[in-house]
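These notes concern the structure reproduced below.
We name chains A, B, ... by the order of the sequence lines, and we start the count at 1 in each one.
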Protein chains: 4
Amino acid sequence: MTVEERRRVKRLPREVRERQILDAAVRVFSDHGYHNASMDEVSDVAGVSKPMIYAYLGSKEDLFAACIHREATQLLAAVAAGVRTELPADMQLWHGLGAFFEYVGAHRESWRVLHRQAISQGGPFSEELLDMRRQAISLVDTLLVRVATKEGLGRGATESLAAALVGAAESLADWWLDNPDVPSRAVASRLMNLAWIGFGGLVDGRTWHPSAD
Amino acid sequence: MTVEERRRVKRLPREVRERQILDAAVRVFSDHGYHNASMDEVSDVAGVSKPMIYAYLGSKEDLFAACIHREATQLLAAVAAGVRTELPADMQLWHGLGAFFEYVGAHRESWRVLHRQAISQGGPFSEELLDMRRQAISLVDTLLVRVATKEGLGRGATESLAAALVGAAESLADWWLDNPDVPSRAVASRLMNLAWIGFGGLVDGRTWHPSAD
Amino acid sequence: MTVEERRRVKRLPREVRERQILDAAVRVFSDHGYHNASMDEVSDVAGVSKPMIYAYLGSKEDLFAACIHREATQLLAAVAAGVRTELPADMQLWHGLGAFFEYVGAHRESWRVLHRQAISQGGPFSEELLDMRRQAISLVDTLLVRVATKEGLGRGATESLAAALVGAAESLADWWLDNPDVPSRAVASRLMNLAWIGFGGLVDGRTWHPSAD
Amino acid sequence: MTVEERRRVKRLPREVRERQILDAAVRVFSDHGYHNASMDEVSDVAGVSKPMIYAYLGSKEDLFAACIHREATQLLAAVAAGVRTELPADMQLWHGLGAFFEYVGAHRESWRVLHRQAISQGGPFSEELLDMRRQAISLVDTLLVRVATKEGLGRGATESLAAALVGAAESLADWWLDNPDVPSRAVASRLMNLAWIGFGGLVDGRTWHPSAD
DNA sequence: GATGAATGAGACTTCATTCAT
DNA sequence: TATGAATGAAGTCTCATTCAT
């Protein structure tokens with residue numbers, strides 16, 4: 001084997017190898033789930049031998065965590081980019097939701113790994129996920145607060161609403177995975193309506209209470 | 001002869017053993033997830049040897065499916081019992097949500113198995129789950145239709161809203177599992193407000209549209 | 001359950017139960033082979049519970065040995081009945097072979113158990129089989145001796161020829177199981193020709209020797 | 001570093017390990033039969049861990065099939081090498097039989113695996129075996145045809161005789177396994193006489209028919 | 001006499017992980 | 001750097017066999 005040949009197939013810089021591996025891992029985890037995914041398949045898909053994976057990214061658990069971390073960061077970045085702070089609050093929310101569903105639609109595998117797989121594995125993995133959710137909630141909260149404090153809604157209430165909204169978005173995205181015919185804008189619009197009108201009602205003081213109980 | 005000894009020696013009828021096994025399985029699947037759960041642990045917790053499990057409930061997959069089926073049936077029954085059709089629509093929804101969150105709160109393990117575990121395993125398991133969801137959606141739909149048709153909202157729209165509502169409830173329940181301090185009534189109330197006000201807006205024709213895009 | 005009912009389905013005399021069980025066992029062993037046969041299936045086919053089998057016929061190994069013994073005895077009896085000592089030697093052999101192939105053809109399962117299964121299990125089972133073969137060989141030998149001593153062939157040679165003949169018959173029967181279209185008389189005739197002519201040659205002193213080696 | 005240590009540590013090429021494993025498997029299958037043989041014992045005897053066996057040779061069934069294939073190929077090669085086509089027909093047959101019994105005598109384990117085990121397992125395994133037998137029969141047939149057509153025996157009859165001869169050889173070999181005192185040449189000679197004289201009779205038109213029936 | 005209930009033991013198979021080259 | 005070779009440990013499942021009724 002000549003030097004030239006060796007260079008052609010091997011000795012890629014570490015950074016490149018890591019990306020190859022993570023790409024393959026996301027795909028495999030998404031396809032088969034965390035447990036059914038085998039390191040053998042990851043190494044096959046990545047075109048990299050198993051010892052390399054262990055050398056670069058550690059154990060299977062570590063590898064999965066790295067996947068979640070990378071995908072979560074990308075998703076959050078996409079959403080944050082969608083929200084432009086110079087717009088009015090409702091348009092910010094609208095664009096945020098739009099960016100979210102667009103990202104999920106374009107990266108189904110990422111979302112599957114992030115939400116379905118990570119959520120069903122206990123313990124270590126949830127951390128990354130909870131952290132991302134916390135960031136998302138805070139993003140929405142600052143948005144709601146701007147509207148609510150102008151009106152009369154107290155702090156604290158907004159955060160729980162933000163949580164509900166984020167949860168609803170996650171759930172809707174998850175549902176969407178199984179119903180892919182609906183266009184992404186329609187999904188976003190559906191949620192926007194429920195949220196904005198409902199929220200508007202709360203802000204205006206129109207709330208519902210059990211008539212008798 | 002001590003109680004312990006009697007327990008070890010008694011030949012219980014099949015029906016009883018099956019319940020014991022299912023109880024144990026729900027607990028174990030809930031604690032460790034489908035894949036990390038071992039039949040050994042199920043048999044330990046059930047106080048029954050593994051061969052009995054295979055004889056009565058079949059393979060691990062069969063056992064899991066049986067768990068889902070039983071728990072889903074119980075949950076639906078609880079919700080249906082909560083909805084009393086002689087009440088006005090909003091109170092029906094309120095009681096239905098109340099029953100739902102109460103059940104989830106009282107049977108966290110059941111819910112974990114049902115929602116988190118079953119959803120993250122592909123294929124065969126989803127069927128049972130989808131079926132349950134279909135029933136739930138139809139339950140809510142009949143409810144919304146009664147209100148909507150009196151007013152002006154068209155058919156079809158209600159079903160998608162029902163789906164959104166069910167999804168939101170699931171998501172909220174799931175979130176609640178990780179935030180157990182909130183009392184169940186508060187959670188139900190939160191969702192009821194969002195839903196009823198938002199829904200009311202739609203019925204009244206107050207909808208949101210992007211101002212410019 | 002009335003006394004009448006109990007009597008109708010249960011409490012058969014031991015002898016009958018044993019036959020039921022053996023019949024079932026022969027069939028199951030023949031169908032699946034000794035190892036793949038399960039006591040469960042035997043008990044199902046026999047319509048008798050497993051504890052009965054153990055009570056009446058002992059362990060799986062014992063049961064198998066009992067099968068071999070019964071079938072071997074029947075086969076030998078059938079062959080012996082075919083050979084009528086008042087006939088000339090060649091007709092005796094002819095009728096013996098005829099009875100043998102007829103029996104095998106009519107009791108394929110028995111033969112499968114006897115020959116294929118018993119032969120592939122080492123140790124204890126071979127005993128029964130070897131014994132049967134010894135009896136068969138002796139049967140043929142007495143026959144050949146009557147012809148040979150009239151002529152010039154020495155003792156000892158006949159026995160080895162008898163062994164070859166029995167072996168050839170077994171092998172042919174086994175082959176026949178996989179080629180069932182050939183009628184039983186044709187199979188018998190084929191062997192008879194080879195044997196009688198070859199044997200006749202030996203008796204007459206026409207033998208083959210390597211021309212040079 | 002002792003020999004033992006080197007053996008434990010050396011990374012042998014796949015080819016070598018496969019041979020080791022097959023050797024061990026033939027021995028173990030031969031000793032205990034297909035079903036009683038455990039993969040654990042194969043791995044022990046081979047000096048290789050079980051996962052290697054599965055990686056290289058597949059399941060237990062695959063492993064067994066591989067054994068049969070290898071041994072059958074070797075046996076056929078040995079017989080074909082014995083038959084030298086420049087000799088007269090009887091000498092060809094004689095040398096072929098000689099090679100056959102010599103091989104069986106020298107590789108008792110191979111033969112046990114080939115004939116006794118493979119024959120008693122149904123289905124997939126028989127294929128390899130049937131194929132080998134077909135080749136052997138055709139080998140013998142071409143031989144007989146050369147003699148028979150010179151004389152008056154029709155086609156088709158030779159093939160069935162070839163089949164009988166092959167079957168007789170198999171059966172005799174099998175019998176020999178249980179009577180190992182007889183020297184291999186004696187066994188070959190015994191069969192040669194029966195076959196050649198009997199066959200000669202048929203060629204000459206001396207056939208036997210029941211005198212009355 | 002008869003059986004449903006029950007299990008200890010062991011089989012096959014897979015996988016994450018690590019050497020030795 | 002890169003990998004083929006190798007394995008300990010664990011999991012699912014089956015089966016002959018025996019109690020307790």
Side-chain angles (χ1 to χ4, degrees), chain A residues 6-7 9-14 17 35-43 47-56 58-63, chain B residues 6 8-14 16-17 35-43 47-56 58-63, chain C residues 6-7 9-14 17 35-43 47-56 58-63, chain D residues 6 8-18 35-43 47-56 58-63:
Chain A
R6 296 196 89 196
R7 177 168 305 134
V9 287
K10 296 181 174 197
R11 308 265 167 187
L12 295 178
R14 173 169 187 142
R17 283 276 192 242
H35 264 92
N36 288 320
S38 77
M39 296 298 269
D40 270 297
E41 187 173 354
V42 173
S43 99
V48 164
S49 73
K50 274 190 294 181
M52 288 266 73
I53 300 181
Y54 282 88
Y56 283 165
S59 73
K60 189 185 186 183
E61 219 173 283
D62 293 340
L63 178 59
Chain B
R6 295 197 79 198
R8 271 212 21 248
V9 162
K10 196 70 157 290
R11 255 59 170 168
L12 295 177
R14 175 175 183 140
V16 176
R17 284 286 191 231
H35 272 290
N36 286 319
S38 80
M39 297 299 269
D40 270 299
E41 187 172 355
V42 174
S43 93
V48 162
S49 71
K50 267 189 299 179
M52 285 267 78
I53 302 182
Y54 283 91
Y56 285 167
S59 72
K60 187 183 186 183
E61 214 171 290
D62 293 340
L63 178 60
Chain C
R6 296 196 90 196
R7 177 168 305 132
V9 288
K10 298 180 171 196
R11 308 264 167 188
L12 295 178
R14 173 169 185 141
R17 284 277 193 240
H35 264 92
N36 287 321
S38 76
M39 297 298 271
D40 270 297
E41 188 173 354
V42 173
S43 99
V48 164
S49 74
K50 274 190 294 180
M52 287 267 73
I53 300 182
Y54 282 88
Y56 282 165
S59 71
K60 188 184 186 183
E61 220 172 281
D62 294 339
L63 177 60
Chain D
R6 295 198 79 196
R8 273 213 21 249
V9 163
K10 195 70 157 293
R11 253 63 170 165
L12 295 177
R14 175 175 183 138
E15 208 180 348
V16 177
R17 284 285 191 232
E18 283 192 354
H35 273 290
N36 287 319
S38 80
M39 296 300 268
D40 269 298
E41 187 172 354
V42 174
S43 93
V48 161
S49 71
K50 269 189 298 178
M52 286 267 78
I53 301 182
Y54 282 89
Y56 286 167
S59 72
K60 188 183 186 184
E61 212 172 291
D62 294 340
L63 178 60

Rounded at 0.5 Å granularity, tell me how far [atom1] in [X] sits from [atom2] in [Y].
X       : Y       : atom1 : atom2 : result
B:Arg11 : B:Arg17 : CZ    : CZ    : 9.0 Å
C:Asn36 : D:His35 : CG    : NE2   : 3.5 Å
D:Arg14 : D:Met52 : CZ    : CE    : 8.0 Å

Report summary line: The dot-bracket string of DNA chain F, counting Watson-Crick and G-U wobble pairs with both distances under 3.5 Å, using [ ] for crossing pairs and | for pairs to another strand, is .||||||||||||||||||||

Query raised in the report: Which part of the nucleic acid, if any, lies within reach of B:Arg14 when heavy atoms closer than 4.0 Å are counted: base, sugar-phosphate only, or nothing?
Result: sugar-phosphate

**Report entry** side-chain contact (heavy atoms from CB on, under 4.5 Å) partners of D:Tyr54, counting only residues at least two apart
**Finding:** D:Met39

Can you check nucleotides 12-15 of chain E for protein contacts, nitrogen or oxygen pairs under 3.5 Å, and list what you find?
from   : atom 1 : to      : atom 2 : distance (Å)
E:dC12 : OP1    : D:Ala37 : O      : 3.4
E:dC12 : OP1    : D:Lys60 : NZ     : 2.8
E:dC12 : OP2    : D:Met39 : N      : 2.9
E:dT13 : OP2    : D:Tyr54 : OH     : 2.9
E:dT13 : OP2    : D:Lys60 : N      : 2.9
E:dT13 : O4     : D:Lys50 : NZ     : 2.9

Expressed as a whole number of angstroms, how long is the span from [X]:[atom1] to [N]:[atom2]?
X       : N      : atom1 : atom2 : answer
C:Arg17 : E:dT3  : CZ    : C1'   : 11 Å
A:Tyr56 : E:dT17 : OH    : P     : 19 Å
B:Met52 : E:dG4  : CE    : P     : 12 Å
D:Leu12 : F:dT7  : CG    : C1'   : 15 Å
C:Ile53 : E:dG1  : CD1   : C1'   : 15 Å
B:Arg11 : F:dT21 : CZ    : P     : 8 Å

Query - Residue D:Ser49, side-chain atoms from C-beta onward, closest of F:dT7, E:dA2, F:dA2 - result: F:dT7

Query raised in the report: Partners of D:Lys50 by salt bridge (charged side-chain N to carboxylate O under 4.0 Å, His left out), sequence neighbours excluded?
Result: D:Asp40

Query raised in the report: Which residues satisfy the salt bridge (charged side-chain N to carboxylate O under 4.0 Å, His left out) test with D:Glu41, sequence neighbours excluded?
Result: none

Query raised in the report: What residues form a side-chain hydrogen bond (donor to acceptor under 3.5 Å, both in side chains) with D:Ser49, not counting sequence neighbours?
Result: none

